Number of protein chains: 2
Amino acid sequence: MSTSQQAILVAVSTVIFALLPDRRGDVRVHLPLVRRTRDPYGDQWALPGGWVRQEESLSDAGRRTLAETTGLRPSYLEQLYTFGRPDRSPGQRVVSVVYSALVRNHEAAAAVEGENVRWTSADDCTGLAFDHDEIVQYALWRLRTKVQFAHVAQHFLDERFSLAQLRGVHEAVLQRSLDPANFRRQVEASGTVVETGERQTGGRHRPPKLYRAVVPDGSAGPLRTAGPLA
Amino acid sequence: MSTSQQAILVAVSTVIFALLPDRRGDVRVHLPLVRRTRDPYGDQWALPGGWVRQEESLSDAGRRTLAETTGLRPSYLEQLYTFGRPDRSPGQRVVSVVYSALVRNHEAAAAVEGENVRWTSADDCTGLAFDHDEIVQYALWRLRTKVQFAHVAQHFLDERFSLAQLRGVHEAVLQRSLDPANFRRQVEASGTVVETGERQTGGRHRPPKLYRAVVPDGSAGPLRTAGPLA
DNA sequence: ACAAAAGTGTTGCAGATACACCCATGA
DNA sequence: TCATGGGTGTATCTGCAACACTTTTGT
């Protein structure tokens with residue numbers, strides 16, 4: 001036997017975060033779920049995902065299955081963790097490589113909401129199929145402990161944004177208010193966003209400067225162009 | 001088709017770090033390599049690893065294949081990343097879940113060094129089979145950017161250790177010298193190590209206090225008993 | 001007594017927080 | 001002119017790096 005085992009299936013799942021208003025109008029972290037149609041956990045809600053095909057990369061599989069099930073097309077997926085307990089899927093052995101991404105609100109709107117796709121508040125999202133509850137908790141913990149200005153700006157906001165918008169994003173993610181003055185200085189010191197020279201007019205107040213994110217990103221996985229300490 | 005694909009193989013590899021003296025006597029980060037006997041990359045050096053069996057968890061597979069190839073048995077494996085480029089193994093599609101661990105010197109000595117197992121300095125370790133060069137670089141980057149007092153103490157040192165020993169470990173990992181006074185304060189402030197009350201006698205100098213690591217560890221992956229911000 | 005390493009104190013710098021204050025706009 | 005949020009200045013606090021200094025052992 002040159003390759004002693006065959007019967008392990010490789011799947012991908014995706015945890016997609018967006019900032020949407022909940023019933024009370026507060027902006028909170030949400031994620032899309034899909035209803036399962038087949039039997040392990042039939043009819044229950046689960047993370048978007050599917051099988052990895054022979055010739056596609058893991059992240060491509062994540063992108064493809066996400067698009068197929070929800071219509072979402074995030075630009076950048078980050079690998080989160082690989083789950084492989086032998087009993088995590090009844091009947092067959094499945095190893096799931098889980099990816100995570102952030103999407104802008106108008107991209108989130110592209111999701112084909114309906115009978116089988118639904119956005120849920122990430123904090124009270126429970127009772128999912130398989131070990132997906134655990135996966136969501138871990139993804140949320142990672143989001144909150146590793147927020148970076150440029151990263152969040154680039155993926156939750158449009159190309160140009162005001163610092164107030166960026167602050168709003170951080171406040172929604174971290175669930176606490178931040179001092180505008182100190183937030184501004186931190187962002188400026190980080191060097192990861194830069195002024196565009198433009199201003200946002202139209203509000204009933206002084207028009208804010210607009211910024212854009214700088215940095216190619218690739219922060220949290222192999223293939224970094226130039227990692228820290230390198 | 002209930003499960004559309006079958007032909008992806010799941011493997012594990014392990015990057016094991018130990019602090020060993022190099023030819024010049026300097027303590028440096030080393031890792032064990034095994035010589036491949038079969039053909040993709042036959043005779044070349046590679047990370048220890050093997051196929052995941054049907055009924056074992058991914059980390060158990062890591063433990064087992066590491067023991068089979070090298071004789072090493074680290075207590076705690078941490079998942080590093082999952083590599084799955086379609087072309088990373090010639091001929092067949094292989095997804096490799098990579099784990100990392102730290103071992104004490106006397107544990108490292110348990111490795112069956114010989115014709116087919118060799119410890120190498122991690123920094124000038126190149127020309128490995130598959131994409132293993134890339135994996136080693138990433139593991140090393142993670143080790144150096146995420147050094148934590150308790151974590152390193154627990155896995156590189158014996159149960160009781162002096163702060164000088166702990167400092168020596170950090171200096172070897174980070175490849176620079178550290179101020180003893182500041183190091184002591186940082187460690188004490190971290191609260192992750194605690195005095196045992198004992199002292200180390202026998203050196204030709206003032207006997208240092210001995211410490212031991214506190215904390216259940218489980219720091220960098222799901223299944224944390226109580227993660228930050230929880 | 002001396003060497004060597006353990007351990008303590010002190011100072012200066014850098015970044016973060018808190019908060020007072022001024023600025024520009026729409027209504 | 002006032003309400004609203006944009007934007008600046010500044011005192012204070014906190015943590016860390018640097019380094020001088022004292023203490024305790026073995027020889």
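Quantities reported herein were computed from a predicted structural model and do not represent experimental measurements. Residue numbers begin at 1 in each chain, while the letters A, B, ... track the order of the sequences.
Of the two residues near DNA chain C, A:Arg199 and B:Lys209, the one whose nearest nucleotide lies more 5' is B:Lys209. Annotation: of the two residues near DNA chain C, B:Ser162 and A:Pro207, the 5′-most nearest-nucleotide partner is B:Ser162. Taking for each of B:Gln186 and A:Glu188 the nucleotide of DNA chain D with the nearest heavy atom, the 5'-most of the two is the partner of A:Glu188.
No hydrogens or angles were tested; on distance alone, nothing pairs the side chain of B:Arg185 with the base of D:dT14 as donor and acceptor under 3.5 Å.
Between the C1' atom of D:dC13 and the CG atom of A:Asn182 lies a distance of 12 Å, rounded to the nearest Å. The CD atom of B:Gln165 sits 16 Å away from the C1' atom of C:dG7 (whole-angstrom rounding). Rounded to an integer number of Å, the gap from B:Phe149 CZ to D:dC16 C1' is 12 Å. Across the protein-nucleic acid pair, B:Asp179 atom CG and C:dA5 atom C1' stand 14 Å apart, rounded to whole Å. Rounded to whole Å, the distance from CZ on A:Arg184 to C1' on C:dC23 is 12 Å. Put simply, CZ on A:Phe183 is 17 Å from P on D:dG5, counting in whole angstrom units. Rounded to whole Å, the distance from CD on A:Glu171 to C1' on D:dG5 is 13 Å. Rounded to whole Å, atom P of C:dA6 lies 14 Å from atom CD of B:Glu195.
Phosphate proximity of C:dT25 to A:Arg204: absent, as no side-chain N or O sits under 4.0 Å from OP1 or OP2. Residue A:Arg206 places no side-chain N or O under 4.0 Å from the OP1 or OP2 atom of C:dC23. Contact annotation: A:Gln200 side-chain N/O to D:dG6 OP1/OP2 distance is not under 4.0 Å. Remark: A:Arg167 is in phosphate contact with D:dG6, judged by side-chain N or O atoms under 4.0 Å from OP1 or OP2.
Within the nucleic acid shown, A:Gly202 has no heavy atom closer than 4.0 Å to any nucleic acid atom. Heavy atoms of A:Ala189 sit nowhere under 4.0 angstrom from any nucleic acid atom.
Side chains of B:Gln165 and B:Asp158: a donor-acceptor N/O pair is absent below 3.5 angstrom, by distance only.
When all heavy atoms of A:Ala108 and A:Leu72 are compared, the closest pair comes out as CA-CD2, 3.9 Å.
Here the side chain of B:Ser162 pairs no donor or acceptor atom with the backbone of B:Leu210 at under 3.5 angstrom.
Each of D:dA17, D:dT8, C:dA18 was ranked by its minimum atom distance to the side chain of A:Ala181; first place goes to D:dT8.
Here the straight-line distance linking atom OG of A:Ser190 with atom CZ of A:Arg185 works out to 14.0 Å at 0.5 Å rounding. Atoms CZ and OG, on A:Arg64 and A:Ser57 in that order, are 10.5 Å from each other to the nearest 0.5 Å.
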